[in-house]
J.: 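Following this message is one structure expressed as structure tokens.
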Number of protein chains: 2
Amino acid sequence: MAPREHPHPDLHEVELVTVLAALAEPTRLRIVRMLAAMEERERAWKDIDLPIARSTLSHHLKILRNAGLLWSRTEGTRCFVSLRDKEMEGRFPGLLECVLACQDSVDVPMAKGGVREDRAAS
Amino acid sequence: MAPREHPHPDLHEVELVTVLAALAEPTRLRIVRMLAAMEERERAWKDIDLPIARSTLSHHLKILRNAGLLWSRTEGTRCFVSLRDKEMEGRFPGLLECVLACQDSVDVPMAKGGVREDRAAS
DNA sequence: GTCGTACTTCGATATTCGTCGAACATCGAA
DNA sequence: TTCGATGTTCGACGAATATCGAAGTACGAC
């Protein structure tokens with residue numbers, strides 16, 4: 001289907017385990033990190049370049065959306081996603097921040113523009 | 001088997017996804033919260049009172065241990081577990097703290113002493 | 001209207017995970 | 001040494017999950 005307007009949960013109704021489960025998957029964590037590392041606050045669905053099928057990507061984005069982690073916006077037949085980091089900070093203070101700050105093996109080698117070199121290098 | 005000395009991972013080798021996955025399960029999150037809410041820093045294995053089989057509990061404790069979240073110590077035939085919160089703070093600054101601080105539906109109604117009333121009430 | 005693009009949903013599959021009871025291993029006590 | 005207590009491991013099971021390709025749906029362009 002075309003990107004029909006998706007339901008976005010009220011963050012007050014999102015449970016911590018849901019958020020943790022959403023983040024506890026390498027591909028999804030990578031997506032979150034990529035969105036956080038961008039200069040623009042939005043990323044075009046089409047430009048999310050990962051070695052997975054598009055249907056799988058759609059699946060992961062849905063899980064992140066249901067966990068309150070990202071916002072998707074429709075523009076014609078296209079879709080743009082962005083982190084709900086401000087809201088998440090209100091609901092789970094410090095969580096997203098420390099997840100993003102942490103250094104581990106899940107990197108952000110996602111081409112097609114938007115990756116900040118300065119962050120990637122630190 | 002009796003509580004043979006278990007392997008505890010070096011926290012530098014523990015990945016964020018491993019920790020998140022360990023925490024992203026209601027029973028395990030409950031165990032972590034219970035350990036954090038205790039006055040004594042240790043809890044006897046035997047006194048962890050949850051509505052699950054003992055083999056299941058053993059399984060969950062192993063996952064938490066492998067994620068670097070808890071430490072288990074053997075004393076004769078008994079076992080005592082405690083949070084590795086200080087070390088986790090060094091590896092993933094702020095993570096455990098904000099997970100414990102967050103308010104959601106996973107409570108800590110675990111009897112047999114050790115639950116702090118002041119925390120439970122806040 | 002017809003076609004193509006852009007996502008989403010469906011159905012199928014393989015893997016992982018939570019759970020249990022039973023069997024096992026280790027220690028202390030009798 | 002025999003017994004009981006204490007955890008752990010094993011084997012099995014159903015449920016959940018990550019993945020894909022194919023089919024479907026909505027929109028813009030022509």
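Note on naming: letters A, B, ... go to the chains in the order of the sequence lines (proteins, then strands), and numbering restarts at 1 for each one.
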J.: What is the distance, rounded to the nearest whole Å, between atom CZ of Arg54(B) and atom P of dC10(D)?
T.: 20 Å
J.: Report the distance from atom CG of Asn66(A) to atom C1' of dT17(D), rounded to the nearest whole Å.
T.: 15 Å
J.: Can you figure out which of dA6(C), dT19(D), dC20(C) approaches the side chain of Thr27(A) most closely?
T.: dT19(D)
J.: Output the rounded distance in Å from CG (Leu61(B)) to P (dT19(C)).
T.: 12 Å
J.: Please state how far atom CD in Glu25(A) lies from atom P in dT15(C), giving the value in whole angstrom units.
T.: 16 Å
J.: Using a heavy-atom cut-off of under 4.0 Å over every strand shown, decide if Ile63(A) touches base, sugar-phosphate, or nothing.
T.: sugar-phosphate
J.: Side-chain N or O of His6(A) less than 4.0 angstrom from OP1 or OP2 on dT8(C)?
T.: yes
J.: State whether Arg28(B) places a side-chain N or O below 4.0 Å from either non-bridging phosphate oxygen (OP1 or OP2) of dG18(C).
T.: yes
J.: Shared ILVMFWY cluster between Met34(A) and Leu96(A), side chains joined below 4.5 angstrom?
T.: yes
J.: When rounded to the nearest 0.5 angstrom, what is the spacing between NE2 in His6(A) and CG in Leu70(A)?
T.: 10.0 Å
J.: Give the nucleotide from the list dA6(C), dT9(D), dT19(D) with an atom nearest to the side chain of Arg78(A).
T.: dA6(C)
J.: Taking the side chain of Thr56(A) as its heavy atoms from C-beta onward, which of dT8(D), dC20(D), dG21(C) lies nearest to it?
T.: dC20(D)
J.: Counting only side-chain nitrogens and oxygens, does Thr77(B) get under 4.0 Å of the OP1 or OP2 atom of dT6(D)?
T.: no
J.: Tell me the interatomic distance from Ile48(B), atom CD1, to dT8(D), atom C1', rounded to whole angstroms.
T.: 14 Å
J.: What is the nucleic acid contact for Leu57(B), judged by heavy atoms within less than 4.0 Å: base, sugar-phosphate only, or nothing?
T.: nothing
J.: I want to verify a distance call: between dT8(D), dT8(C), dG21(C), whose nearest atom is closest to the Ala53(B) side chain?
T.: dG21(C)
J.: Does OP1 or OP2 of dT19(C) have a side-chain N or O of His60(B) closer than 4.0 Å?
T.: yes
J.: Might you point out which heavy atoms bring Val17(B) and Pro26(A) nearest each other, and give the distance in Å?
T.: CG1-N, 4.0 Å
J.: Please determine whether residues Ile63(B) and Val14(B) belong to a single hydrophobic cluster, defined as Ile, Leu, Val, Met, Phe, Trp and Tyr linked transitively by side-chain heavy-atom distances below 4.5 Å.
T.: no
J.: Can you check the His59(B) NE2 to dT19(C) P distance for me, whole Å?
T.: 8 Å
J.: Quickly work out the Leu23(A) CG to dA18(D) P distance and round it to whole Å.
T.: 12 Å
J.: Which comes earlier along DNA chain D counting from the 5' end, the contact point of Ser55(A) or that of Ala24(A), where each point is its nearest nucleotide?
T.: Ala24(A)
J.: Categorize Ile52(A) for me: base, sugar-phosphate, or nothing, with a 4.0 angstrom heavy-atom threshold over every strand shown.
T.: sugar-phosphate
J.: OG1/Thr27(B) to CD1/Ile52(B) distance, rounded to the nearest 0.5 angstrom?
T.: 5.5 Å
J.: How close or far is atom P of dT17(D) from atom NZ of Lys62(A), stated in whole angstroms?
T.: 12 Å
